[in-house]
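The structure under discussion appears below in the form of C-alpha cells.
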Amino acid sequence: MIQEATPNTLDTRVVLATPEATTIHLSPAGPVSRLVAWLMDLTIRGVLAVLIASPLMLLGGLGSGMMLIAFFVLEWLYPVFFEVLKQGQTPGKQAMGLRVVHRDGLLVNWSQSLLRNILRAADFLPFGFAAGLVSMLLSDRFMRLGDLVAGTMVVYVHGAPGLSQPRALRPLPLPSAWLAHLQLSGDEERALRSLATRSSMLGPERVRELLAALAPAGKDGRRE
Amino acid sequence: MTRQLFVLHHCHRWKRLAAVSERISSGIATDTELVEFPGLLRGVSRDLLWARQHGMDEHLVEFLNLCVLRGQMVLYAPRPWSSEKLLHFLRTEFPCAVRRDALAVGTLGIIFFGSILCLWAAVHTEPRLIFSVAPLEHVQQLEDMYAHSDVDMLRPRGRESDVAMFGYYISNNVDIGFRAFASGLFLGVGTLAMLILNGVYFGAVAGHLSSAGMGDVFFPFVITHSAPELWAILLSSVAGWKLGWALLSPGPYRRVDALRLAARDGVTLMYGAAGLLLLAATIEAFWSASPAAPEFKYFSGGAMWILLLTYFIFAGRRYAQGD
C-alpha cells in the first residue's frame, strides 16, 4: 500500500512511497479552486433541479413526491455518485482539473465519499463554509473537516498547468553530450532540462536571465 | 543513458501501461492484459525512479508520475458493491455496530425516550404547555389532521398524495438524520440539542393530542412507523455523539485518528439509520394512513417494536462469537 514518504516541508507537495520503491508526488488543491468547482457544481445542480422539476410539476402528488426525493438526492448524494463512479471527479472538479482521492492517493470508496459529503453540513457552519475554510488553512493538505474525518483530500490531476504528454516524449533541444560534459548535480540538471522544455515559451532575454542564475555552467549556454 | 534513448527505449511500455490501466478500469481487459499489468507497473515505477534520480525534466517526470499513479489506482480500486455485502451488513455489521456502542445507545436512548415520555405526561396534565413547544397555527394544523375519526381525512387525495408524503418523509427525515450526525463534530453539542428538541416535540404532540381526545386517531397512525423512525433518529445521534466524544476523550489516539475510527463505526450506523428511515417512510406513507381497523394497527405497531428490539439485541451474535 502507499504510505507517506518524507516529513512535511514548506512545499505543499505530498510525497507517497509505493511498494515498488518509487515515490508519487501529488499537489493538494487550495480553497479557491475548490470553491470555484463547488460553485460550478451548484450551478449544474440548479439546472438539473429545474430540468427535473418542470415535467414532474405536471404530475400532481406523484410528481411532487418524486421531486422532493430528487432534490434530496441532488443536495446530498450528487457528489457521492461522481466521486465513486467517475474516479473522484464531479463535473465542476473535472472542469477545474481536481480529483478527490484518499490520503494515500488512491480512489475513494462509498463510505469515505458519503462521510465527507455528509460532513459538508458541518463545514458550512457557522456561515459560508467558515469552519471548512479554517480547517483547510490549518491543515497541511488543505483538508476541510469532512476530509479530515474521512481521510480524503482534493488534488490536482496534473502536477501543474501546461505539463502534457506529447511534450514529455518529445526530444529536448539540448545536446546530451554537452550536458554530460558539464557535470551538473541532479537538481541543476533537472532545472536546465526544464528550462529547455520551456524555452520555446519564453523570450530569449528571459532564457538568458534564467541561464545566468545557473552560472557558471550557463555562461556559454545560449543554445535555444 | 541519455534522455532521448531512455524515452525511445521505454515509451512503448508507458503507453502500454496507460492503455491497459484504462481497459482494466473499464472492465474490458483480457486475461493476458491482466497478467501483463503487474509487470508493466513495476517497470514503469522503475523508470519513474530512474527519471527522478537522473534529473529528468518536469514534463517527463510528471508524465511518468501520472502513469504510475493511474496504475496504482487501478491496482487498488475499491471492490464493487454486491448483494452479499448488503446481506452481511444487515445480518451482522449493523446490529453488531449498535451493540458495540450499547453504552451510548443506552444513555442517549434514556435521554431521548425519557424526554418523549416526560413531555407526554407534562402536556397531558397541563395542556397549555404545548404552546411553549409549537406555535399556535402548527397546533391547529395537527388538530385538524387528527380531529376526525373518519380516517379518510388523513388521505385527502388517495394514492397520489401517498407518494407525495413518502417523498416528503424521506427528504425531511434523512436530512435531519444527516444533520444530527454532522453536528456531532462540534463536541456533540448540536447532536444532543437536536435529540432533546425532537424528543420534546414528539412527546408534547403525543400529550396534547391524547389530552384533546384525539388519541384514538393519532396513536394507531404513528404506532407502526414510530419504531423505525425513533430508532433511526436515536442511531444518527449516537453516530454524531461518537464523533463529539472522539474529540472530547480520544483515549490513546490522536484526536484526528480517534475521529476517523469513530467515523468508521458512525458510517455503519448511518447506513442503518437511513435504511430504517426508508422503512419508516414507506410505512408512514402507505400503511399508517390506510383505513384499516385500529386494532390491526396496534398489532402491527407492537410487532414492529418487538421485531426491532429483537433484531438489535439478538441479530448477528453467532458471527460475533467467531463463526
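Any value given below was found using the heavy atoms of this structure, including those in side chains, with hydrogens, waters and symmetry copies removed. Computed from a predicted model, the values in this text were never measured in an experiment. Each chain gets a letter, A, B and so on, in the order the sequences are listed, and its residues count up from 1.
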Hey, is the main chain of A:Thr22 close enough, under 3.5 Å, to the side chain of B:Arg46 for a donor-acceptor pair? no

Nearest 0.5 Å, please: how far is CG in A:Leu77 from CZ in B:Phe178? 6.0 Å

Pairs meeting criterion salt bridge (charged side-chain N to carboxylate O under 4.0 Å, His left out) with involvement of residues 57-70 of chain A, two or more places apart: none

Quick check: under 4.5 Å, non-hydrogen atoms only, which of residues 108-119 of chain A neighbour chain B? A:Val108, A:Asn109, A:Trp110, A:Ser111, A:Leu114, A:Leu115, A:Ile118, A:Leu119

For A:Leu148 and B:Val256, which heavy atoms make the closest approach, and how far apart are they? O-CG1, 4.4 Å

With chain B, the option among A:Leu26, A:Leu145, A:Ile69 that has the most non-hydrogen atom pairs under 4.5 Å is A:Ile69

Over 12 non-hydrogen atoms of neighbours within 6.0 angstrom of CZ in B:Arg42: no

With chain A, which of B:Met73, B:Met270, B:Arg179 has the greatest number of heavy-atom pairs at distances under 4.5 Å? B:Met73

Part of B:Arg255 within contact of chain A (heavy atom distance under 4.5 Å): neither

State whether the number of non-hydrogen atoms from other residues, nucleotides or ligands found under 6.0 Å of B:Arg23 atom CZ is greater than 12. yes

For the interface with chain A, which of B:Leu64, B:Val74, B:Leu49, B:Asn65 has the highest count of heavy-atom pairs at distances below 4.5 Å? B:Asn65

Only counting residues at least two apart or in another chain, list the ones meeting side chain to side chain contact (heavy atoms under 4.5 Å, CB included) with A:Ala29. A:Ser33, A:Arg34, A:Leu98, A:Val154, A:Tyr156

Quick check on the interface: out of A:Asp123, A:Leu125, A:Val73, A:Val101, who has the most heavy-atom pairs with chain B under 4.5 Å? A:Leu125

Just so I understand: if I count every heavy-atom pair under 4.5 Å between each of B:Ala182, B:Cys67, B:Gly184 and chain A, which residue has the most? B:Ala182

List the atom of A:Leu106, the atom of B:Gln72, and the distance in Å for their closest heavy-atom pair. CD2-O, 3.6 Å

Looking only at heavy atoms, which two atoms of A:Leu68 and B:Ser171 are closest? And how far apart? O-CB, 3.7 Å

Contact between A:Glu75 and B:Asp175 at the side-chain level, heavy atoms closer than 4.5 Å - yes or no? yes

Quick one: side chain to side chain contact (heavy atoms under 4.5 Å, CB included) partners of A:Lys86, sequence neighbours excluded? A:Phe82

I'd like to know which of B:Gly167, B:Gly190, B:Cys11, B:Gly266 tops the heavy-atom pair count under 4.5 Å against chain A. B:Gly167

Shortest non-hydrogen contact from A:Ala131 toward B:Phe186: CB-CZ, 4.4 Å

Quick check on B:Val174 against chain A: is it the side chain, the backbone, both or neither that has a heavy atom closer than 4.5 Å? both

How close do B:Glu62 and A:Arg13 get, counting heavy atoms only, and between which atoms? OE1-NH2, 3.7 Å

Heavy-atom pair count under 4.5 Å with chain A, highest-scoring of B:Leu69, B:Ile170, B:Leu8: B:Leu69

Side chain, backbone, both or neither of B:Ala77 within contact of chain A (heavy atoms, under 4.5 Å): neither

Using heavy-atom distances under 4.5 Å, tell me whether B:Tyr169 contacts chain A through its side chain, its backbone, both, or neither. neither

